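The model shown is predicted, which means the values in this text are computed figures rather than measured ones.
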Amino acid sequence: QLQAFGGGLVQAGGSLRLSCAASGRTFSSYTMGWFRQAPGKVRVFVASINWVNGSPYYADSVKGRFTISRDDAKNTLYLQMDSLKPEDTAVYYCAADFRSRTILTTYGVDYWGKGTQVTVSS
């Protein structure tokens with residue numbers, strides 16, 4: 001029901017825009033977000049945006065470089081990633097959480113999307 005798109009290979013300092021398309025149900029009453037998982041590492045929170053007032057929340061590692069947004073009319077979530085670094089390399093997953101109004105946790109997520117690979121070369 002959630003599918004992430006937009007990953008790819010980019011040089012350090014470059015930009016990518018990820019999209020997450022929802023189907024089968026509306027997520028307008030869910031806080032939506034992104035996680036990432038690097039090889040051999042656990043899946044970690046990247047950013048979220050609540051449905052109440054659209055407030056965004058970011059992990060410290062991406063603040064000032066990534067921007068999360070949502071278009072509920074299109075049932076789509078976005079993650080604009082600028083000033084990419086090699087340490088941003090990971091599989092990125094979109095997620096939906098009905099209860100949270102701020103950051104997301106892996107155990108609180110109700111729906112996961114299939115991931116999209118982001119690779120940043122140095």
What's the verdict on side chain to side chain contact (heavy atoms under 4.5 Å, CB included) for T89 and Q117, showing C-alpha distance, side-chain angles and the deciding distance? CA-CA 8 Å; T89 295; Q117 176 71 47; 4.0 Å; yes

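- Atom CZ of F45 and atom CD1 of I103 lie 6.0 Å apart (nearest 0.5 Å).
- Put simply, L16 and I49 are part of the same group of oily side chains (I, L, V, M, F, W, Y) that touch within less than 4.5 Å, one to the next.
- With hydrogens and angles disregarded, a donor-acceptor distance shorter than 3.5 Å links the side chain of R99 to the backbone of G108.
- A donor-acceptor pair under 3.5 Å links the side-chain atoms of Y58 to the main chain of I68, judged by distance alone.
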May I have the step-by-step check of side chain to side chain contact (heavy atoms under 4.5 Å, CB included) for R70 and W51, ending in yes or no? CA-CA 9 Å; R70 63 191 293 166; W51 63 271; 3.8 Å; yes

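- For the pair D60 and K63, the salt-bridge criterion is met [side-chain N within less than 4.0 Å of a carboxylate O].
- Looking only at distances, no side-chain donor or acceptor of D97 sits under 3.5 Å from a matching main-chain atom of L104.
- Counting heavy atoms from C-beta outward, F27 and L77 have side chains that stay 4.5 Å or more apart.
- Put simply, the side chain of R36 does not reach to within 4.5 Å of the side chain of V118, judged on heavy atoms.
- Checking side-chain atoms of D72 against main-chain N and O of S29 turns up no donor-acceptor pair under 3.5 Å.
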Using the side chain to side chain contact (heavy atoms under 4.5 Å, CB included) rule, take M81 and V120 through it: C-alpha gap first, then chi angles, then the decisive distance, then the call. CA-CA 11 Å; M81 304 186 296; V120 184; over 6 Å; no

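- For S28 (side chain) and T26 (main-chain N/O), no donor-acceptor pair under 3.5 Å exists by modelled atom type.
- Looking at T31, its side chain does come within 3.5 Å of a backbone N or O of S100 through a donor-acceptor pair.
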Would you check, one step at a time, whether the test side chain to side chain contact (heavy atoms under 4.5 Å, CB included) holds for M32 with C94? CA-CA 7 Å; M32 304 292 293; C94 55; 5.7 Å; no

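- One hydrophobic cluster, built from ILVMFWY side chains closer than 4.5 Å, cannot hold both F5 and V46; they sit in different ones.
- Ring geometry for F66 against Y92 counts as tilted: the plane angle lies between 30° and 60°, on a 0 to 90° scale.
- The two residues Y30 and Y111 have their closest heavy-atom pair at OH-CE1, 3.6 Å.
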